[in-house]
Amino acid sequence: MLVIDRIVMREVRLPLKEPFRISSGMVSERRIFLLEISDANGASTWAECVAGEHPNYSPETIDTAWYAIEQWVAPRVLGARFDGPESVHSALERDFRGHQMAKAAVEMGCWALAATTEGVPLAQRLGGTRASVATGISLGIQKTPEALVERAKAALAQGYRKIKLKIAPGMDIAFVRAVRQALGPEVHLMADANSAYRLEDADHLSKLDEFRLIMVEQPLGNDDLVRHAQLQKRLKTPICLDESITSIDRAEDMIALGSGRIVNIKPGRVGGYAVSRGIHNVCQQHGLPVWCGGMLESGIGRAYNVALASLPNFSLPGDLSPSARYWERDLVTPEWTMDADGMVIVPRSRPGIGITVDLDRVDALTVRKQLIGSQAGAMA
Ligand code: OSB
Ligand code: MG
């Protein structure tokens with residue numbers, strides 16, 4: 001039995017070591033949305049909502065997610081009696097459209113809280129089977145191909161198993177060519193366009209085929225499937241969908257239409273773990289690999305992604321870079337690290353998310369805080 005008694009929401013500001021640019025926007029400081037979710041017995045867990053500052057990746061933002069959790073998500077779960085975290089998703093979907101990242105933060109927190117109270121690691125509670133997960137890096141758009149080559153070489157030297165290059169019109173073919181030439185034919189390279197192209201660009205995008213990328217991620221519209229299917233017919237390079245896959249149904253539609261051959265699963269984008277596992281299973285049944293994407297999470301969100309990536313069909317390296325790739329100092333101890341073979345260890349030694357939150361640091365960085373649920377009166 002799972003009964004949530006209290007949710008504390010916080011916003012923490014964390015500057016990135018260097019600005020991260022994608023085709024649809026740039027971020028230099030992350031507004032990190034953290035939650036502490038507690039049950040009536042005082043057990044609690046930390047969770048993270050991955051929504052960004054601007055609605056340039058998905059329609060949600062940290063501010064809409066804050067409002068959605070306060071107004072609709074928290075009231076649905078507080079005091080409700082769930083037989084387990086498996087039931088939280090359907091309770092949040094009933095007559096409640098959208099707001100996947102807001103829902104996911106609380107739903108995933110419920111899985112972690114269940115793992116904590118049951119005394120098992122989160123990865124095990126989800127059905128994860130891997131002891132460690134392979135990691136790739138997502139490199140933001142750089143000013144010149146040379147600058148991108150420098151970063152890609154450094155990433156390769158660090159052991160990353162996959163190198164993803166952000167592309168946009170005018171910053172694509174020459175950039176990918178330069179990196180392929182510098183790193184050689186064997187390195188697992190891919191490109192992510194974040195919806196920057198149109199189907200009319202199919203001939204242009206087919207120029208990427210000569211670089212033998214392992215995939216091209218989300219070239220067309222953020223909610224498109226039909227045009228991606230047409231594009232896939234004209235590309236040798238497999239299409240991977242990110243933005244377009246927001247539910248199990250959309251993953252099934254992608255497979256039925258042939259809109260892509262790989263899915264980037266971000267649990268925040270799809271509403272949490274129940275749907276992530278569902279998409280994982282559907283893809284597995286159809287022989288399609290999946291991998292775990294990232295949203296520039298703090299070490300708290302990273303714990304949730306690493307646990308998910310330990311499921312068997314996460315067979316391609318995820319965007320699961322270690323703490324030092326993003327931050328001078330993370331919010332957790334120990335910080336997330338990667339070994340020289342690009343592997344991140346899945347925490348298995350203690351119940352729940354498996355890392356400790358540095359509360360002094362979180363307190364020092366908190367710019368807003370709101371308590372919902374029991375003892376709400378004590379906050380004022
Ligand atoms: O498209 O995968 C994406 C970051 C923000 C928004 C969208 C994307 C990304 C990344 C970052 O690629 C991956 C990471 O967290 O390292
Ligand atoms: Mg992407």
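Hydrogens, waters and symmetry mates are skipped; everything else that's a heavy atom, side chains included, is used. Order of appearance sets the numbers: ligands from 1, and atoms from 1 within every ligand.
Of all the N, O or S atoms in D242, the one closest to the Mg ion (ligand 2) is OD2.
Ring pair W72/H99 is tilted by interplanar angle, where 30° to 60° counts as tilted.
Pocket lining of ligand 1, defined as residues with a non-hydrogen atom under 4.0 Å away: F20, Y57, S138, K164, K166, D192, N194, E217, D242, K266, G294, M295, L296, D319, Y326.
In this structure, Y304 has its ring center at least 6.0 angstrom away from the ring center of W111.
The pair E18-R151 counts as a salt bridge, with a side-chain nitrogen and a carboxylate oxygen less than 4.0 angstrom apart.
Y326 does not carry K17 over the face of its six-membered ring by the limits of under 6.0 Å from the centre and within 45° of the normal. Judged by the 6.0 Å and 45° rule, R368 forms a cation-pi pair with W66.
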Check residues 255-262 and write down every donor-acceptor pair under 3.5 Å in which the side-chain atom is one partner and the other belongs to a residue at least two apart or another chain.
from : atom 1 : to   : atom 2 : distance (Å)
S259 : OG     : L225 : O      : 2.9

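V176 pairs with exactly one of L148, V216, L165 by the side-chain contact (heavy atoms from CB on, under 4.5 Å) rule, that one being L165.
The Mg ion (ligand 2) lies at the vertex of an angle of 90° between the OE2 atom of E217 and the OD2 atom of D192 (rounded to 10°).
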